[in-house]
Amino acid sequence: MKQTNVAEFVEENLKTIFAYALSRVSDCDDAEDLTNDIVLAILQSADKIKDPNAFYGYIWGIASNTYKKFLRKKNRHAFETLDENFSDETDFTDDLLLREDIMALRRETALLSKEYRECTIAYYYDGLSCAEVSKKLKISPEMVKYYLFKTRKILKEGISMEREFGEKSFRPEPFEFVTIYTGIANSEYGNLFTRKLPGQILLSAYYTSMSVRELAIELGVASVYLEDELTLLEKYNLITKLPSGKYQTKLVIFTDVFTEEFYRSAEKTAMSALGDIISGISGKLDEIRKINFVCEKLSDRRLLWGLLFVIMLWGNREFTQRYPQYEADNKIYGEARGINYGVSNYGSQTEFACGVFAGYAGIDENYYATAADFGILPERNRFFANTDMEEFAQKIYDALSGKCEPEFIILSKAEEQHLFELFKDEIGLMAGLYDKLFAYACEAMRAHAPKRISEQIERIVFKTLCFQTVGFIGGCAVKSGALAIPDFNGPAAVCVRENTKTAKAIVNRNIQI
């Protein structure tokens, strides 16, 4: 278009252009500067306007882009989108650069802690005055000004940085929260770790205390979404807020590093002790076979595997009786008492693993099973992975009635007591092994856990030792050479025991999540 036509447009619409500028920048001086920039840009672009029908859209496209350049020049930012009708390549490139700045501003705003973020949004986004922000947030005007001053510095510094979110933002670490307690169930507490975020927060703040901003960067999550989770974790005493404003995890976490150190230090001791224990059991196999006709018909290997976990439980019971100082449970919430801990372990499928185990696995009203799916066992020899309980129950009655050959130990309460007396020495050796494993585990945890949770270590290790070492003991029993991998199909480490009121109560004594 002709320069004169464009100049006439500018003259006729100067008030409109100023109003446009004032609506964008609020300050009159800035609005005048922006108006001058827009007028200059329009006049300089007159020869580029080829289609008179597109004139008005083009003019306001120039105004929009000039405004964005003005913001960059003033080192301020806004959230306008690109005008799709404006196609000048140089201005389009500038718009893309501005959009990167806008994205950086949004990113940095998302990382602000609650106080700074609320002030910033109220003042800059909602357009409230300092007095209005003060009233809305119920803080003094001086605090509003302080937060805004600090925010500008934080944002300016953050926008100039190249942020890299932590690896947990796209690949969360494995984390299992375990709590064993007595008391009324609490759905809020129970559901806390059905989400990934709380566990990743605890892992992130385990070794190093972290601010909300640091957690947001590590996890790739805006601060506003972290704050509710942190409030819940504080409520249940799983994390603590320091005077500095940073957070520290208060939970003992069993990590890969701890587990590897524990296995490495305890393996030889465990193999030696289990060699003695299994040798002692093997020397009593003839007496075992005299207990009932089921045991009489079982091979040495079936008897040894069937008794291993039972003797482990008996030995652990004797071990725990030696440390009454650790028996008391801590408060979890309300009237509920117990313990909780975390497990973050990549190497779960090893020879020292144990997928499922139970001292009491109900079969029917007459019998229950004590069984462990030791990681060292082939899949074909695992009880929980392959057993249909109705079919298994039928096998019990068929074996007792002589309809089929027995495949596992079946004991009445009197026969079980006979075995307990017979294995007093082996049970004592197993309790002694737990003593040594306890010492090794505490030593490894002290070396690899943060010092601030050191007062929890012995109690948590004591309470979890049986659970944490089932697979390790089974693996060491085989590695010692005293126990061979089963040469038969079907569940190996299983012993069927007669149900009693006492036995039934075991399953209801504790609730575990």
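Salt bridge Arg382/Glu379: present, at least one basic N to carboxylate O contact under 4.0 Å.
Ring geometry for Trp305 against Phe374 counts as tilted: the plane angle lies between 30° and 60°, on a 0 to 90° scale.
Checked against Glu407 for a salt bridge (charged side-chain N to carboxylate O under 4.0 Å, His left out), the options Lys395, Lys297, Arg302 give a single hit: Lys395. In summary, of the residues considered (Phe467, Tyr341, Phe177), a ring pair (Phe, Tyr, Trp, His ring centres under 6.0 Å) with Phe254 occurs for Tyr341 alone.
The line from CG of Asp487 to CZ of Arg301 is 4.0 Å long, rounded to the nearest 0.5 Å.
A donor-acceptor contact under 3.5 angstrom links the side chains of Glu188 and Tyr236, judged on distance only. Inspection of the Tyr360 and Thr370 side chains reveals no N or O donor paired with an N or O acceptor under 3.5 Å. If you check the side chains of Thr231 and Glu234, you find no donor sitting under 3.5 Å from an acceptor. Between the side chains of Glu421 and Gln417, at least one donor-acceptor pair of N or O atoms lies under 3.5 Å. Looking only at atom types and distance, the side chain of Asp435 has no donor-acceptor partner in the side chain of Tyr440 under 3.5 Å away. For the residue pair Arg213 / Ser223, no side-chain donor-acceptor distance below 3.5 Å is found, with atom types taken as modelled.
A ring-centre distance under 6.0 Å is not found for Tyr147 and Tyr123.
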